[in-house]
Amino acid sequence: EAQVTQNPRYLITVTGKKLTVTCSQNMNHEYMSWYRQDPGLGLRQIYYSMNVEVTDKGDVPEGYKVSRKEKRNFPLILESPSPNQTSLYFCASSLTGTSGSYEQYFGPGTRLTVT
Amino acid sequence: AQKVTQAQTEISVVEKEDVTLDCVYETRDTTYYLFWYKQPPSGELVFLIRRNSFDEQNEISGRYSWNFQKSTSSFNFTITASQVVDSAVYFCALRPNFGNEKLTFGTGTRLTIIP
């Protein structure tokens, strides 16, 4: 089954304790992306990757890191989480091409609370 | 810069009524894609439709229909004969035809169907 998986699905942590949210897709997609969802703000892009070893900042990258060492995985790293990073996080993936018409598949979401 | 506006923050209708969710977008691109996603209370994002900017035909899928009007930069979504299962947050999104395939989301409309 084609899917994007995220782990953990729920996480409560404390300020400053490094954490990683994993994202994996089994569709051989080149493009992967992280979004955060906050009330009243919709979803905003954090980082994206056009392919292995190619990553770039989205609209709200501060406080986050990513890596793309393998095509299927795109982990999101919070080196020193703060309460303002409490949010619902989504990973997404899609094929890329000149048309841009490919559907973007979303993971189930990770609800993070930083106290 | 791209922008998506969903002016209706919350809508409540009685079951079986029709309801239209508004979406207005801004982009300088001549080619782009528009999307609608549904987010039920369980939190996942469910893809509903993708529309190419060159295709202004309205689309109907069961009780769902979409009205794309390029002249007014709108992509409205109508649910006919609403049902309780339609209760969710609905997001409209815009994606360029090239480069970072980022989805620019609106802030969402929370739809509540009253039994």
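To find a chain, count down the sequence lines: A is the first, B the second, and so on, and within it residues start at 1.
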Participant: Are A:V60 and B:F105 connected into the same hydrophobic cluster when the rule is that any two of I, L, V, M, F, W, Y join if their side-chain heavy atoms are below 4.5 Å apart?
Facilitator: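 Per the 4.5 Å side-chain linkage, B:F105 and A:V60 are not co-clustered.
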Participant: Has B:R51 got more than 12 heavy atoms of other residues, nucleotides or ligands less than 6.0 Å from its CZ?
Facilitator: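 Counting neighbours around CZ of B:R51, more than 12 heavy atoms of other residues, nucleotides or ligands fall under 6.0 Å, so yes.
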Participant: Which residues from residues 107-115 of chain B are near chain A, with near meaning under 4.5 Å between non-hydrogen atoms?
Facilitator: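 Listed by number, the contacting residues are B:T107.
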Participant: Starting from B:F77, can I reach B:I11 by hopping between I/L/V/M/F/W/Y residues whose side chains sit under 4.5 Å apart?
Facilitator: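 They do share one cluster, since a chain of ILVMFWY contacts under 4.5 Å joins B:I11 to B:F77.
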Participant: Under a 4.5 Å heavy-atom cut-off, does chain B meet the side chain of A:D59, its backbone, both or neither?
Facilitator: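 Only the side chain of A:D59 comes within 4.5 Å of chain B.
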Participant: Would you say that more than 12 heavy atoms from the other residues, nucleotides or ligands in this model lie under 6.0 Å from the NZ of B:K16, or not?
Facilitator: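 Counting neighbours around NZ of B:K16, 12 or fewer heavy atoms of other residues, nucleotides or ligands fall under 6.0 Å, so no.
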Participant: Among B:F47, B:Y33, B:Y37, which residue satisfies the side-chain contact (heavy atoms from CB on, under 4.5 Å) criterion with A:Q104?
Facilitator: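 Going through the options one by one, the only one that passes is B:Y37.
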Participant: Identify the two heavy atoms, one from B:F91 and one from A:Q37, that lie closest to each other, and give their separation to 0.1 Å.
Facilitator: CZ-NE2, 3.4 Å
Participant: Under a single-linkage definition using a 4.5 Å side-chain heavy-atom cutoff for Ile, Leu, Val, Met, Phe, Trp and Tyr, are B:L94 and B:W66 assigned to the same hydrophobic cluster?
Facilitator: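 Cluster IDs for B:L94 and B:W66 match.
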Participant: Say whether A:Y105 and B:L45 are linked into one hydrophobic cluster, either directly or through other cluster members, by side-chain heavy-atom distances under 4.5 angstrom.
Facilitator: no
Participant: Just wondering, more than 12 heavy atoms not from A:I12 lying within 6.0 Å of its CD1?
Facilitator: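 Not more than 12 within 6.0 Å, no.
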Participant: If you count heavy atoms of other groups shown closer than 6.0 angstrom to CD of A:E53, is the number above 12?
Facilitator: yes
Participant: Report yes if the side chains of A:L88 and B:Q39 come closer than 4.5 Å at any heavy-atom pair, otherwise no.
Facilitator: yes
Participant: Within a strict 4.5 Å, meaning less than it, do heavy atoms of the B:L103 and A:F106 side chains meet?
Facilitator: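 With C-beta onward as the side chain, the pair touches.
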Participant: Which bit of A:S94 is near chain B, if near means a heavy-atom gap under 4.5 Å: side chain, backbone, both or neither?
Facilitator: side chain
Participant: Only pairs at least two apart or in different chains count here, so list each disulfide bond (SG atoms under 2.5 Å apart) that has a residue in residues 13-99 of chain B.
Facilitator: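 Disulfide bond (SG atoms under 2.5 Å apart) check on residues 13-99 of chain B returns B:C23-B:C92.
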Participant: Is there a path of hydrophobic side-chain contacts, each under 4.5 Å between heavy atoms of I, L, V, M, F, W or Y residues, that connects A:Y48 with A:Y64?
Facilitator: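 No, A:Y48 and A:Y64 fall in different hydrophobic clusters.
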Participant: Considering only heavy atoms, which portion of A:Y35 lies under 4.5 Å from any heavy atom of chain B: side chain, backbone, both, or neither?
Facilitator: side chain
Participant: Working to the nearest 0.5 Å, report the span between NZ of B:K102 and CG of A:L43.
Facilitator: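 The CG atom of A:L43 is 12.0 Å from NZ of B:K102, to the nearest 0.5 Å.
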